[in-house]
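These values consider heavy atoms only, across backbone and side chains, with no hydrogens, waters or symmetry-generated copies. Numbering of ligands and ligand atoms starts at 1, following listing order. Since we're looking at a predicted model, the values are computed, not measured.
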Amino acid sequence: MKREVTIPNSHPRYASLMGREKIVSGYKNGLVAIEGLIAHGRGECFDYLIGERTTDSAKLAINTAAAQLLVSVYPVISINGNVAALCSETVCSLHRSIIKSMLEINLFYYTKEREASIAAELKNYGVDNILGTNPENLIKIPELESNRRLVDRKGIFKSDTVLVPLEDGDRTLALKKMGKTVITIDLNPLSRTSLTADITIVDNVIRAIPLLIERIQHHKKNSSNEYLQQLISRFDNKKGLNDALSIMSNNRVT
Ligand code: ATP
């Protein structure tokens, strides 16, 4: 039976419920793995605790991530099912705003059908050259046993910087061991990915990506390479994680 969901935009949980609907339709449309629903729920919980807003500390991480993406020689954005369901359109805009970046599909729970659905979704928003889908170009990441041990030799394998929103910890560690600079967007400041990445944006991917595009556009117009390098070298990832934890744990019921 087809289900109709109408959420008035005056609803206090409107943005959260719309995100949930996107994940549910993504599951029904073959973009999201069933396990992705659980990962989304974990994200919702941390989002609730941080007040469903982009904190000043997350804004600093976003600004630094924008700088890192612009100074990179070959940045790659890794796409999984949840990211495709929640923000394909803005991720494609982000890819275009960086100019020289590539998009690569990387699935923890891999099926050929899901990979094809995600590629089709990205094509809907005008990106045709999507990496990670040609078996001839896939090679193994050392020391990683999960399905996503395979990366594209034209993409993540040769990248200098990888943006991995909603990533799992083993893979982030493997990317670090390969010498990549890793940027993540993860609402859980205690996840292994958050702890391992060079730049962790503790924010909802739905809110963070448009802000990242805005900062990239700003820096392209206004910032020198030297200034961008300074932003990166001053960034303290652990401080950002501790700021997020403080905000979450200082919540009080009055
Ligand atoms: P790790 O392996 O890094 O310790 P994990 O086992 O939680 O963490 P996954 O379940 O693979 O890793 O990744 C999901 C992560 O993404 C979780 O940390 C979750 O909080 C986060 N997350 C889920 N939805 C969102 C979202 N919309 N925006 C940002 N982060 C999200």
Which atom pairs, donor and acceptor, lie under 3.5 Å between side-chain atoms of residues 49-74 and protein residues at least two apart or in another chain?
residue : atom : partner : partner atom : Å
E52     : OE1  : R13     : NH2          : 3.0
E52     : OE2  : R13     : NH2          : 2.4
R53     : NE   : I50     : O            : 3.3
T54     : OG1  : D203    : OD1          : 3.4
T54     : OG1  : D203    : OD2          : 2.7
T55     : OG1  : A58     : N            : 3.0
S57     : OG   : D243    : OD2          : 3.0
N63     : OD1  : R215    : NE           : 3.0
N63     : OD1  : H219    : NE2          : 2.6
T64     : OG1  : L60     : O            : 2.8
Q68     : NE2  : S72     : OG           : 3.4
Q68     : NE2  : T161    : OG1          : 3.1
S72     : OG   : Q68     : O            : 2.6
S72     : OG   : T161    : OG1          : 2.6
Y74     : OH   : K154    : O            : 2.5

Out of [options], whose heavy atom is nearest to [atom]?
{"atom": "atom 19 (C) of ligand 1", "options": "N204, T196, D186, I201", "result": "D186"}
{"atom": "atom 23 (C) of ligand 1", "options": "C87, C45, A39", "result": "A39"}
{"atom": "atom 11 (O) of ligand 1", "options": "D168, L173, I23", "result": "D168"}

Near [X], which atoms of ligand 1 are under 4.0 Å from a heavy atom of that residue?
{"X": "G169", "value": "1 (P), 2 (O), 3 (O)"}
{"X": "T193", "value": "3 (O)"}
{"X": "L86", "value": "27 (N)"}
{"X": "N188", "value": "18 (O), 20 (O)"}
{"X": "L187", "value": "26 (C), 28 (N), 29 (C), 30 (N)"}

Keeping to residues at least two apart or across chains, list the side-chain hydrogen bond (donor to acceptor under 3.5 Å, both in side chains) pairs with something in residues 129-141.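 Applying side-chain hydrogen bond (donor to acceptor under 3.5 Å, both in side chains) to every pair that reaches into residues 129-141, excluding sequence neighbours, yields nothing.
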Over all heavy atoms of both residues, which pair between [X] and [Y] is shortest? Give the atoms and the distance, please.
{"X": "P165", "Y": "V205", "answer": "CB-CG2, 4.0 Å"}
{"X": "A39", "Y": "N82", "answer": "CB-ND2, 4.4 Å"}
{"X": "H11", "Y": "I7", "answer": "CB-CG2, 4.1 Å"}

Contact between D203 and ligand 1, counting heavy atoms under 4.0 Å?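 Yes, D203 has heavy atoms under 4.0 Å from ligand 1.
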Please determine whether side-chain contact (heavy atoms from CB on, under 4.5 Å) holds for the pair I209 and L86, giving the CA-CA distance in whole Å, both sets of side-chain angles, and the decisive distance to 0.1 Å. CA-CA 11 Å; I209 301 272; L86 292 173; over 6 Å; no
Relative to ligand 1, is D47 under 4.0 angstrom through side chain, backbone, both or neither, heavy atoms considered?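 For D47, no heavy atom sits under 4.0 Å from ligand 1.
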If we set the cut-off at 4.0 Å for heavy atoms, which region of E44 has an atom near ligand 1: side chain, backbone, both, or neither?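 Under 4.0 Å from ligand 1, E44 contributes no heavy atoms.
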Keeping the roles fixed (side chain from T172, backbone from T193), state whether a donor-acceptor pair exists under 3.5 Å.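 Flag not set: sc T172 to bb T193 has no pair under 3.5 Å.
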Taking K180 first and then D198, would you say they form a salt bridge - that is, a charged N and a carboxylate O separated by under 4.0 Å?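 Looking at K180 and D198, the cut-off is not met.
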